[in-house]
Amino acid sequence: MFRKLVDKIKSLVPEGPPPFDPTTLDDPVALQTEWSPLKAGGANFCTRKLVQVSPHRYEFKATLGAKAFYLIFFFIGSGALFFSTTEFISKGTVLKPEVLIPGGVGLVFALAGGLMYYYGTTPVVFDKQHDCFWKGKIPADEMLYATANELLMPFREIYSIQLISEHISGSDNSYYSYEMNLVSREGVRTNVVDHGKLDQVREDARTLSEFLEVPVWDGI
């Protein structure tokens, strides 16, 4: 009876798309490339959008919605931390729950918001003057001799753009996050972006495909 109940519950849950079959691409590099998510987690909204900075440069900029999300965490945490600090000054003790709890929670939220803002707004760049893709701040001389890794990929090594999805389940909701990766000729992958707006991911992939003159492998 219990097994029947479990089967009934499973039948009510909608199935996700079938796993992508890389043999449909008819490309040996696709067969040696991993098709599981490269970056765990993701967002259920658009966190970055591709922007043309110059004829030779594209950047993924953080969206206003993403910045607001990060700053909400930071300001809520800062507010709670400020409240606990004023309570400590006025009452002269930090060991009371009404001081410790808001202060601890505020510190966690402020740190989380600050870190999300920092990493969520770091440079994500495609630059033809350096013939390289990179994330963060990379010294120019390092780009000259670098090979594909988790932070950068020289244009000469980019073989394709990979799109894959990841189903993320939480206690309150579940959603799909869509991941864009660069794939080298050896099948090495470098993550570019990972967020929840499928149309934007595909549109940005098409733009980069023309810019880099490489194909898009759409495994979503």
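- Note that OG1 of Thr121 is 10.0 Å distant from NZ of Lys61, once rounded to the nearest 0.5 Å.
- Between the His195 side chain and the Lys197 main chain, a donor and an acceptor come within less than 3.5 Å of each other.
- Considering all non-hydrogen atoms of both residues, Ala30 and Pro22 come closest at O-CB, 3.7 Å.
- No more than 12 heavy-atom neighbours from other residues, nucleotides or ligands sit within 6.0 angstrom of CG on Asp26.
- Between Phe211 and Tyr58, the ring planes lie perpendicular to each other; the angle is over 60°, past the 30° to 60° tilted range.
- Cluster annotation: Met180 is not connected to Tyr175 through the hydrophobic network of ILVMFWY side chains, with a link wherever side-chain heavy atoms come within less than 4.5 Å.
- Taking every heavy atom of both residues into account, Ile138 and Leu152 meet most closely at CG2-CD2, 3.7 Å.
- Every pair passing side-chain hydrogen bond (donor to acceptor under 3.5 Å, both in side chains) that includes a residue from residues 207-220 is listed here, sequence neighbours excluded: Arg202-Asp218.
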Worksheet item: side chain to side chain contact (heavy atoms under 4.5 Å, CB included) between Thr33 and Trp35: does it pass, once the steps are laid out?
Response: CA-CA 6 Å; Thr33 301; Trp35 287 89; 4.2 Å; yes
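- If you chain together hydrophobic residues whose side chains sit under 4.5 Å apart, Met153 and Ile161 fall into the same group.
- Here the closest non-hydrogen pair linking Val29 and Gly187 is CG1-N, 4.3 Å.
- The CD atom of Gln52 lies 8.5 Å from the CG atom of Leu50; values are rounded to the nearest 0.5 Å.
- One distance of note links OG1 of Thr47 with CE of Met116; it measures 12.0 Å at 0.5 Å rounding.
- By the neighbour-count criterion of 12 heavy atoms within 6.0 Å, atom CZ of Phe74 is sparsely surrounded, having that number or fewer from other residues, nucleotides or ligands.
- With respect to Arg57 and Asp127, a salt bridge is recorded, a charged nitrogen being found less than 4.0 Å from a carboxylate O.
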Worksheet entry | Test log, rule side chain to side chain contact (heavy atoms under 4.5 Å, CB included), inputs Phe126 and Glu59 | CA-CA 6 Å; Phe126 291 84; Glu59 294 184 17; over 6 Å; no
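- In this structure, the side chain of Glu179 does not engage the main chain of Val193 through any donor-acceptor pair within 3.5 Å.
- Between the OG atom of Ser165 and the CZ atom of Phe20 there is a distance of 11.0 Å, given to the nearest 0.5 Å.
- Using a distance-only test at 3.5 Å, with no hydrogens or angles considered, a donor-acceptor pair links the side chain of Thr190 to the main chain of Asn149.
- Classification of the Tyr178-Tyr176 ring pair by plane angle, with boundaries at 30° and 60°, yields parallel.
- In this structure, OG in Ser78 is found 9.5 Å from CG in Leu107, a value given to the nearest 0.5 Å.
- Both Ile72 and Phe75 are assigned to one and the same hydrophobic cluster, defined by single-linkage of ILVMFWY side chains at heavy-atom distances under 4.5 Å.
- With rounding to the nearest 0.5 angstrom, the CD atom of Glu186 is 4.5 Å from the OG atom of Ser184.
- For residues 154-164, the side-chain hydrogen bond (donor to acceptor under 3.5 Å, both in side chains) pairs, not counting sequence neighbours, are Asp27-Tyr159, Gln162-Asn181, Gln162-Arg189.
- The shortest non-hydrogen separation linking Ala62 to Gly120 is CB-O, 3.4 Å.
- Across Leu182, Leu208, Leu212, a single residue satisfies side-chain contact (heavy atoms from CB on, under 4.5 Å) together with Phe133, and that is Leu182.
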Worksheet entry | From CA spacing to verdict: side chain to side chain contact (heavy atoms under 4.5 Å, CB included), Leu71, Tyr117 | CA-CA 7 Å; Leu71 290 175; Tyr117 191 91; 4.0 Å; yes
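- Taking the six-membered ring for Trp and the full ring otherwise, Phe45 and Phe69 have centroids separated by under 6.0 Å.
- The closest donor-acceptor contact from the side chain of Trp134 to the backbone of Pro123 lies at 3.5 Å or more, if one exists at all.
- In this structure, Val124 and Arg48 have side chains that are in contact, with non-hydrogen atoms separated by less than 4.5 Å.
- Grouping the Ile, Leu, Val, Met, Phe, Trp and Tyr side chains by contacts below 4.5 angstrom, directly or via other members, places Ile164 apart from Val216.
- Residues Val183 and Val201 do not share a hydrophobic cluster, defined by chaining ILVMFWY side chains whose heavy atoms lie under 4.5 Å apart.
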